[in-house]
2 protein chains.
Amino acid sequence: MSTFHVKDLRTFSTEVLAALGVKSEEAETVSDALLRANLEGVDSHGLSRLVVYSNRLKDDRINPAPNIRFEQRGASVLTVDGDNGLGHVVSSKAVEKGMELAIESGMAGISIKNSNHFGTASYYCQMACEKNLAAIAFTNSPPGIAPWGGRQAFFGTNPIAFGFPNGSKPPVIIDLSTSVVARGKIILADKQGESIPDGWALDEEGQVTNDPGKALTGSVLPLGGAKGFALALAVEILSGVLSGAAFGPNVNSIYQEASKTPANVGHFFILMDIEKFMPHETFQQSMEQLIHQMKETPKAPGFEEIRYPGERRTKEFERRLEDGIPLTQSVQDELKSLGEAVNIPFPQPISSFNHSKA
Amino acid sequence: MSTFHVKDLRTFSTEVLAALGVKSEEAETVSDALLRANLEGVDSHGLSRLVVYSNRLKDDRINPAPNIRFEQRGASVLTVDGDNGLGHVVSSKAVEKGMELAIESGMAGISIKNSNHFGTASYYCQMACEKNLAAIAFTNSPPGIAPWGGRQAFFGTNPIAFGFPNGSKPPVIIDLSTSVVARGKIILADKQGESIPDGWALDEEGQVTNDPGKALTGSVLPLGGAKGFALALAVEILSGVLSGAAFGPNVNSIYQEASKTPANVGHFFILMDIEKFMPHETFQQSMEQLIHQMKETPKAPGFEEIRYPGERRTKEFERRLEDGIPLTQSVQDELKSLGEAVNIPFPQPISSFNHSKA
């Protein structure tokens, strides 16, 4: 494990993407989105993903120079065809344009088809919060969750995210998959030869399994049973059906090496202009009161503090901006090879330290 | 347990409410919403609630003749002050008006303050589906769920509901509380002297309890742990904060007999005009394909069929419309006394049958 300056990683990532045909401004967008995930401690959605994105750009399964088409319908609807571009590029541009509609009419509904993995859903909620808008973000993803009563992965782990501005305090950022656990945790357990607990996943026969390998060919359980299935379905309809993207098992995975089909991921965003509902100061005062009252609630055994969603990620963001971003040796190796293939040197670490698992 | 004609119960309910000062058209709205819940098998939100609503109308804690104020802001925002009217009346009128905005601009955001318990959130999604709109509904409610790390009920069991039209098939109707279990189930276990399973609730000390009495003075656990807490918070911000209603522990319960304060419940609705996103036929074809593919998924052990949310409630609706609505003896007794107090006779049952628990 070594630690790297954000600035150095940003240059590396941007240059790699540019070398693969992505416009430099759009390459910066992707790098910023990836590195924001690392800064916030969500390393699963950070720079380690650059490798798979680059592979898909190389084999023409993601379009490096998409002609993204936007159409406004009514005062509040923006439909977007991402032309198989990188999900971060398509979604950032769509949310930028959608924010104008929301500021004008109070609400915006943005549907996106022909897109790809867009990173963390929270990123787009944060964009909205910076403009004093509230946001809800949905995306579908390759099959992970079985329908309730089924034993085959069908829905993505379909996240829902919310963002609410919070004055000078970190925004409230809620970002959760509709599965019990991220598929990444099962992949990690499989790599490390560890078993997984009951209640995470089913095998191909629909039986609860503790074997991560069997879970990966089976399905991840939905959050809270049938309720999580219902939420995953709602996300699938908004992101996949209403946008005209692929849905359910028809969403392709960029991790399937053999495939040739674009992923055709769909996203859906709802933006709300707080000022249209009430004066911004009133909203902020009420947010402050809500969070204050919540934090004053008597603590449960084992808890010293009540935190709101978004609080910890902002703290981590500030810390890593200062201290740098840690990358495991295997991620460094992958990024180094990726850079070598396009003659972009991987940066030097700030510091190296041994980590028990490195 | 006896079974009653819907028509007879509707007349009874409407006349009781009218006798308590509710305009007959608005009394019909409340009756329709309550009886729809009964028809769909959601008896917890059905006619049994007429008793508490009536008590609050009698003691002036709910306004029988509210002057509901609507303000349109921008093309897509409707802010509503319910003037402490019955939640069903306030919400139905707001959704009616909001649908016009959504049809015009593509989206509507409706915030409501100074309201009361509005029954099932799904009812308003069904209204939208009948007009070929998709809908998301949120409401806060009196404290039930502790914040994550806390041991005192703070958030309501704050439901989220989605509605999607589905051609000639029953709409997809998702309606779920952000708690593991409805508080009503704990109340029932308490009445029947039964214990509750692990994972439902905490006592006042923040320890998992199997004693429903201790659970009722403690808190219900959120759906899927910290994720359910985050969802309950999002619902609270949309319904309570952004509407200007009460939020968190400041929402009053109509079941607290001693109180004098209005509940000041808040609701939030998002309506989406499908036609603005894509031709309605395309949407319906994709919905059909999604549901067909989902139903064809191999079944898990113990399941013969995969159903989508909303399917069962429509079947039950049709069955009970034909066969009548069953009411327990205790609900009948309560309704009879309620009717006697205002000289409205309670209807005769269609049929009576003995039920092991009646």
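Labels below follow one simple rule: chain letters A, B, ... track the order of the sequence lines, proteins then strands, and each chain is numbered from 1. Computed from a predicted structure; not experimentally measured.
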Qualifying residues under side chain to side chain contact (heavy atoms under 4.5 Å, CB included), relative to Pro197(A), sequence neighbours excluded: Trp200(A)
Aromatic ring proximity, centroids under 6.0 angstrom, Tyr308(B) and Phe229(A): no
Chain B contacts, top residue of Gln207(A), Glu236(A), Lys295(A), Gln289(A) (heavy-atom pairs, under 4.5 Å): Gln289(A)
Top of Gly248(A), Ser219(A), Ala234(A) for chain B proximity - count of heavy-atom pairs under 4.5 angstrom: Ala234(A)
Donor on one side chain, acceptor on other, Ser177(A) and Lys227(B), under 3.5 Å: yes
Contact origin within Thr79(A) toward chain B - heavy atom pairs under 4.5 Å: side chain
Smallest separation among heavy atoms of Glu205(B) and Pro301(A), with atom names: O-CD, 3.4 Å
Contacting moiety of Phe277(A), where chain B heavy atoms sit under 4.5 Å: both
Structural part of Asn250(A) lying under 4.5 Å from a heavy atom of chain B: side chain
Partner chain B: residue of Gly224(A), Ser243(A), Gly109(A) with the largest heavy-atom pair count (under 4.5 Å): Gly109(A)
Residues in residues 99-108 of chain A near chain B [non-hydrogen atoms, under 4.5 Å]: Glu104(A), Ser105(A), Gly106(A), Met107(A), Ala108(A)
Arg307(B) side chain near Trp148(A) side chain, heavy-atom distance below 4.5 Å: no
Structural part of Ile136(A) lying under 4.5 Å from a heavy atom of chain B: side chain
Per-residue contact mode, Leu242(A) against chain B (heavy atom under 4.5 angstrom): both
Top contributor to chain B interface from Leu238(A), Thr282(A), Asp273(A), Leu202(A) [non-hydrogen pairs under 4.5 Å]: Leu238(A)
Contact leader toward chain B among Gly149(A), Gly225(A), Pro147(A), where contacts are heavy-atom pairs under 4.5 Å: Gly149(A)
Best-contacting candidate, Ile270(A), Leu223(A), Ile237(A), Leu233(A), against chain B by heavy atom pairs under 4.5 angstrom: Ile237(A)
Backbone of Pro298(B) reached by a side-chain donor or acceptor of Arg151(A) within 3.5 Å: no
Per-residue contact mode, Val172(A) against chain B (heavy atom under 4.5 angstrom): side chain
Among Phe154(B), Phe283(B), Phe155(B), residue most engaged with chain A (heavy-atom pairs, under 4.5 Å): Phe154(B)
Heavy-atom contact with chain B under 4.5 Å, split by part of Glu71(A): neither
Contacts of residues 156-165 of chain B with chain A (heavy atom under 4.5 Å): Phe162(B), Phe164(B)
Residue among Ala226(B), Ala230(B), Gly206(B), Gly228(B) with most heavy-atom pairs under 4.5 Å to chain A: Ala230(B)
Close side-chain approach of Val77(A) to Met272(B), heavy-atom, < 4.5 Å: no
Listed partners of Glu304(A) passing side chain to side chain contact (heavy atoms under 4.5 Å, CB included), at least two apart: none
Closest non-hydrogen atom pair between Val241(A) and Ser286(B), with its separation: CG1-CB, 3.7 Å
